[in-house]
There are 2 protein chains.
Amino acid sequence: MQELKLATYNVNSVRARKELLLSWLEREAPDILCLQETKVLDVDFPFEELRKLGYECFTNGQKGYNGVAICTKLLSSKLITKTNFKTIDAQSRFIAINISDIWVLNCYFPHGDVRGSDKFNFKLSFYEEFMQFLEENFSPDLNLLLVGDMNVALEDIDVYDPSLFVDAVCTMPEERGALKKIIDWGLVDTFRTLNSSEPGYTWWEYGAAIWKNEGLRIDYILATDSIFKNFTKVWVDLWPRRRRSPKPSDHAPVIAKFTL
Amino acid sequence: MQELKLATYNVNSVRARKELLLSWLEREAPDILCLQETKVLDVDFPFEELRKLGYECFTNGQKGYNGVAICTKLLSSKLITKTNFKTIDAQSRFIAINISDIWVLNCYFPHGDVRGSDKFNFKLSFYEEFMQFLEENFSPDLNLLLVGDMNVALEDIDVYDPSLFVDAVCTMPEERGALKKIIDWGLVDTFRTLNSSEPGYTWWEYGAAIWKNEGLRIDYILATDSIFKNFTKVWVDLWPRRRRSPKPSDHAPVIAKFTL
DNA sequence: GCACCACCAG
DNA sequence: CTGGTGGTGC
């Protein structure tokens, strides 16, 4: 019986975060790492530095923004970077791979904007398409992990001050409904299920917010039952977020341990 | 009899260079400091940090580029930031002040460009107006220092490889002639007069040039005879230029010692 | 190569 | 506030 460690981390630029990421990986050494907002073309991804730490990396990047990657110490197969869904494939937001008979789906869901805006509609379309993509290609009976930056804080406990977040981005009923629909397909919100009272914020606005712990929980590790029953622990690692230099991402990684 | 130390330094942004500048000033502590390419509005100049090191600062800055300043540990009077010459006053390139009965003129002469271009013509007009400005407002009999980035390498010895600089910016006959005319008004090229064989480069292109010493001498301390006769030493201080971090300016300071 | 700017995205 | 881009200036 093997224990695996998986991490999801919105790095907000893998170039700006390279040093911090590498020193964090030396400490934490997850077996599987899912990155969002790498903000690099695939040719500029630091494959070599990560290989030195034992990771093989698979990327779906673009110029300037978005961009996702999966880095793994284990053998993998069946890389997916294209879903053939228009909205999903419009930008570099999705990558999936099969590792030890587990599907690892890594997604950077759109941020959105005020209700009615183009970006808001893009976010909802993205979620709808993603639901369809799941239904058409996977089954809740599989060993499947859906991880990443969902850009939705599901419940009031996931928001540092709910009174400040009425009809605010990441907390609107439409957005919460969209993520709930994904979960209801057959996934467990692993952090919340294993930590019912701890907020578990994963994102804090740049500036003083981290020092006042004014955060949101918008990064998730979702799992099907068959794999969740092997989960031992899920937590938010504040180490990379609570430092001044090198400058951290605005997100913190979420880490899970499970047995195989 | 008092010994004074004067430095001229094209810092290429006083904001980007603040740390390096302050630590250099703690080492070298010139009594008078003339800066070029401060690249800040006057309101953003680090007056307070320099005051802590004993300097009172006078600035002529603008947004984004150019900008000059004089910082002094001594009492000063008669600040000039406006010449009423069109080309000179078109940008923030000139500042002058009287310190201990010495006129300190600090100027960032235009870089220019290929012969015939607008920038080339601007540079020559600037030099012509400056000549006129000198004639109309000062006399070679005064204690006067004209320092700064002249953007002209006067002779072949001032260029690391003259064969690469034929009709190149900073070495064209028109540019050399313009600076020579200023000198012929009644100034001494103090570095060259006191160091006849050492090249004394003050600028190296960013990249490998500094490590191969591929430089140009384009920053000067020019002096009238009455003050030059009290000069004891003039040198280029490579300390701030030969470091990797914090990132240095592309120029090195020129320093002079003279008695009062 | 490395400052600045304006703009876009979070 | 902090990333990216593309443009300019040297």
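In the text below, chain A, chain B and the rest are named by the order of the sequence lines, each starting its count at 1.
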Participant: With sequence neighbours left out, write down each residue that passes salt bridge (Lys or Arg N to Asp or Glu O under 4.0 Å) with Glu155(B), or none if nothing qualifies.
Facilitator: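 Not a single residue meets the salt bridge (Lys or Arg N to Asp or Glu O under 4.0 Å) criterion with Glu155(B).
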Participant: Just jot down the side chain to side chain donor-acceptor pair (under 3.5 Å) partners of Asp113(B), sequence neighbours excluded, or say none.
Facilitator: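 Asp113(B) satisfies side chain to side chain donor-acceptor pair (under 3.5 Å) with no other residue.
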Participant: Give a yes or no on this: more than 12 heavy atoms of other residues, nucleotides or ligands lie within 6.0 Å of atom CG of Asp161(A).
Facilitator: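 Enclosed: over 12 neighbouring heavy atoms sit under 6.0 Å from CG of Asp161(A).
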Participant: Who are the side chain to side chain contact (heavy atoms under 4.5 Å, CB included) partners of Glu214(B), not counting sequence neighbours?
Facilitator: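 By the side chain to side chain contact (heavy atoms under 4.5 Å, CB included) rule, Glu214(B) matches Tyr160(B), Ala209(B), Lys212(B).
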Participant: May I ask you to evaluate whether Arg17(B) reaches the phosphate of dC2(C), defined as a side-chain N or O under 4.0 Å from OP1 or OP2?
Facilitator: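 False: Arg17(B) side-chain N/O out of range (4.0 Å or more) of dC2(C) OP1/OP2.
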Participant: List every contact pair, protein side and nucleotides 8-10 of chain C side both N or O, where the distance is under 3.5 Å.
Facilitator:
unit_1	atom_1	unit_2	atom_2	d
dG10(C)	O3'	His111(A)	ND1	2.6

Participant: Taking only Lys NZ, Arg NE, NH1 and NH2, and the carboxylate oxygens of Asp or Glu, determine whether Lys123(B) and Glu175(B) approach each other closer than 4.0 Å.
Facilitator: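 The answer is yes: the pair qualifies as a salt bridge.
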Participant: To the nearest Å, how far apart are Trp204(B) CH2 and dC2(C) C1'?
Facilitator: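 Distance, rounded to whole Å: 17 Å.
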Participant: Earliest and latest nucleotide of DNA chain D, 5' to 3', sitting under 4.0 Å from a non-hydrogen atom of chain A?
Facilitator: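 Extent of the interface on DNA chain D: dC1(D) to dG6(D).
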Participant: With sequence neighbours left out, what residues match Asn66(A) under side chain to side chain donor-acceptor pair (under 3.5 Å)?
Facilitator: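 Checked Asn66(A) against side chain to side chain donor-acceptor pair (under 3.5 Å); matches are Gln62(A), Gln91(A), Arg93(A).
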Participant: Can you confirm if the aromatic rings of Phe130(B) and Tyr127(B) lie within a centre distance of less than 6.0 Å?
Facilitator: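 Ring centroids of Tyr127(B) and Phe130(B) are no less than 6.0 Å from each other.
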Participant: Do NZ/NE/NH1/NH2 and the carboxylate oxygens of Glu49(A) and Lys52(A) come within less than 4.0 Å?
Facilitator: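 Salt bridge between Glu49(A) and Lys52(A), a charged N being under 4.0 Å from a carboxylate O: no.
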Participant: Could you state the CG-C1' distance from Leu41(B) to dC5(C), rounded to the nearest angstrom?
Facilitator: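 Result: 12 Å.
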